Amino acid sequence: MDRDEKHIVLIGFMGAGKTVVGKCLSRQLSRQMLDTDAMIEARAGMTINDIFRTQGEETFRVIEAEVIASLTEFRDPVIISTGGGVPLREENQRALKELGRVVYLRVQPETVLRRLYGDTTRPILQGGDKKEKVTGLLEYRGPIYEKTAHLTVDVDQKKPEEIARQIIAESRRIKL
Ligand code: S3P
């Protein structure tokens, strides 16, 4: 693969817009988009909620790491949208950086809470005080996302197409 033609990898918290921005990038760059959550569900043959419920988070994280490791098989440059917990494992951090340009979509807790109000598809945020959970997790994960990424883009109050254009312009300057 040409060095400039490496994958674009989107990381960040739940509700940051990784999937929707990924779809915009896919359209704007005419590249295929991969979604690691969808790949996990296909591999396990069940939804993420069901994996967490029947096998627990640790099993989910093991499948997630396998999916990340399997991404090296894609030779043509693609857009990769990752689940919010992927960068938590060091092995995944290394793997993502090797895949291409890693872009952190940084979102404020208020935006996450607004977007994920009533959401039932994220087991990590179910039960208890959502605001406390989102704030605590973001505080812990923020520095991990930053150190895993080559580029950080603030997403609050921006349209997905605009974010995608910004990523295309700024990621060209990333030296790999
Ligand atoms: C998770 C984020 C989810 C999904 C799973 C766990 C996390 O993906 O992988 O529910 O730990 O942050 P999204 O970031 O696409 O919601």
Side-chain angles (χ1 to χ4, degrees), residues 5-44 46-52 60 63-64 67-68 70-71 74 76-88 92-93 95-97 99-126 130-131 133-135 137-138 141-142 144-146 148-174:
E5 291 290 313
K6 287 198 123 189
H7 305 310
I8 294 178
V9 183
L10 301 179
I11 65 168
F13 202 71
M14 294 165 271
K18 300 175 298 276
T19 306
V20 59
V21 171
K23 284 182 183 159
C24 291
L25 283 168
S26 162
R27 262 197 312 275
Q28 292 181 21
L29 293 169
S30 303
R31 291 190 192 183
Q32 185 191 349
M33 174 178 146
L34 306 174
D35 182 319
T36 61
D37 283 339
M39 293 169 83
I40 292 167
E41 290 187 334
R43 194 174 269 239
M46 61 178 107
T47 64
I48 288 173
N49 259 338
D50 284 341
I51 304 172
F52 268 74
F60 172 80
I63 307 171
E64 184 172 63
V67 163
I68 296 300
S70 78
L71 294 171
F74 291 88
D76 290 333
V78 296
I79 310 298
I80 302 168
S81 165
T82 62
V86 168
L88 298 179
N92 292 343
Q93 294 169 14
L96 296 181
K97 279 212 155 116
L99 284 166
R101 296 178 162 85
V102 183
V103 181
Y104 168 31
L105 301 188
R106 183 166 55 193
V107 67
Q108 295 304 312
E110 299 72 35
T111 307
V112 175
L113 287 163
R114 199 181 59 244
R115 289 182 182 170
L116 298 187
Y117 176 81
D119 175 84
T120 55
T121 65
R122 270 83 168 190
I124 298 275
L125 298 181
Q126 301 314 303
K130 214 176 219 175
K131 188 172 177 191
K133 278 192 181 166
V134 168
T135 313
L137 280 171
L138 259 177
R141 292 182 178 186
I144 300 175
Y145 292 138
E146 306 227 356
T148 307
H150 297 106
L151 171 71
T152 296
V153 175
D154 286 306
V155 297
D156 307 85
Q157 273 119 39
K158 286 185 198 153
K159 293 204 170 70
E161 291 79 11
E162 190 188 333
I163 298 165
R165 281 195 296 276
Q166 185 180 346
I167 292 171
I168 292 169
E170 294 187 16
S171 66
R172 287 209 177 99
R173 291 196 278 272
I174 301 168

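Index from 1, following the sequence. Bear in mind that the values here come from a model prediction, so they are computed numbers and not experimental data.
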Side chains of Thr121 and Asp119: do they bring a donor and an acceptor to under 3.5 Å? yes
Correct closest heavy-atom pair for Glu162 and Lys158 would be OE2-CG, 3.6 Å
Contact between Ile8 and Ser171 at the side-chain level, heavy atoms closer than 4.5 Å - yes or no? yes
Classify the angle between the aromatic ring planes of Phe60 and Phe52 as parallel (below 30°), tilted (30 to 60°) or perpendicular (above 60°). tilted
Expected output: side-chain Arg106 to main-chain Gly142 donor-acceptor under 3.5 Å: no
Using only atom types and a distance under 3.5 Å, with no angle test, would you say the side chain of Asp156 pairs donor to acceptor with the backbone of Gln108? yes
In terms of heavy-atom contacts, Val107 and Gly15 come closest through CG2-O, 4.4 Å
Side chains of Leu71 and Thr36, heavy atoms from C-beta outward: is any pair under 4.5 Å? yes
Between Pro87 and Thr148, the two heavy atoms sitting closest are CB-OG1, 3.9 Å
For Ser70 versus Met39, what's the shortest heavy-atom pair and its separation? OG-CE, 4.3 Å
Nearest 0.5 Å please: distance from the OG atom of Ser81 over to the CG atom of Leu10. 6.0 Å
Apply side chain to side chain contact (heavy atoms under 4.5 Å, CB included) to Val86 and Ile11, showing your working. CA-CA 8 Å; Val86 168; Ile11 65 168; 5.9 Å; no
Below 4.5 Å, heavy atoms only, C-beta onward: do Val153 and Ile163 meet side chain to side chain? yes
Is the side chain of Asp76 donor-acceptor paired with the backbone N or O of Gln32 at a distance under 3.5 Å, no angle test? no
Working note: Met33 + Arg27, criterion side chain to side chain contact (heavy atoms under 4.5 Å, CB included); need CA distance, chi angles, decisive distance, verdict. CA-CA 9 Å; Met33 174 178 146; Arg27 262 197 312 275; over 6 Å; no
Lys97 NZ to Lys6 NZ distance, which is reported to the nearest 0.5 Å: 12.5 Å
Leu125 side chain near Leu116 side chain, heavy-atom distance below 4.5 Å: yes
Can you check whether Val102's main-chain N or O pairs, donor with acceptor, with His150's side chain at less than 3.5 Å? yes
Using only atom types and a distance under 3.5 Å, with no angle test, would you say the side chain of Lys18 pairs donor to acceptor with the backbone of Phe13? yes
Mind checking the CD-CD1 spacing from Glu64 to Ile48? Nearest 0.5 Å is all I need. 8.0 Å
Compare all side-chain heavy atoms of Thr111 with those of Val155 and state whether any distance is below 4.5 angstrom. no
Interatomic spacing from CD1 in Ile79 to CG in Leu25 - rounded to 0.5 Å: 4.5 Å
Any heavy-atom pair between the side chains of Ile63 and Ile51 that's under 4.5 Å? yes
If only atom types and distance count, is the side chain of Tyr104 paired as donor or acceptor with the main-chain N or O of Ile144 below 3.5 Å? no
Ignoring hydrogens, what is the shortest heavy-atom contact between Asn49 and Pro123? Give both atom names and the distance. OD1-CD, 3.5 Å
Does the side chain of Met14 come within less than 4.5 Å of Arg115's, by heavy atoms? no
Other residues, nucleotides, ligands: >12 heavy atoms within 6.0 Å of Lys133 NZ: yes
Donor-acceptor contact below 3.5 Å, side chain His7 vs main chain Val78: yes
If we only count heavy atoms from C-beta on, is the Arg165 to Gln28 side-chain gap below 4.5 Å? yes
Within this structure, what is the CD-OG1 distance for the pair Glu41 and Thr47, rounded to the nearest 0.5 Å? 6.0 Å
From CZ (Arg101) to CG (Leu151), nearest 0.5 Å: 10.5 Å
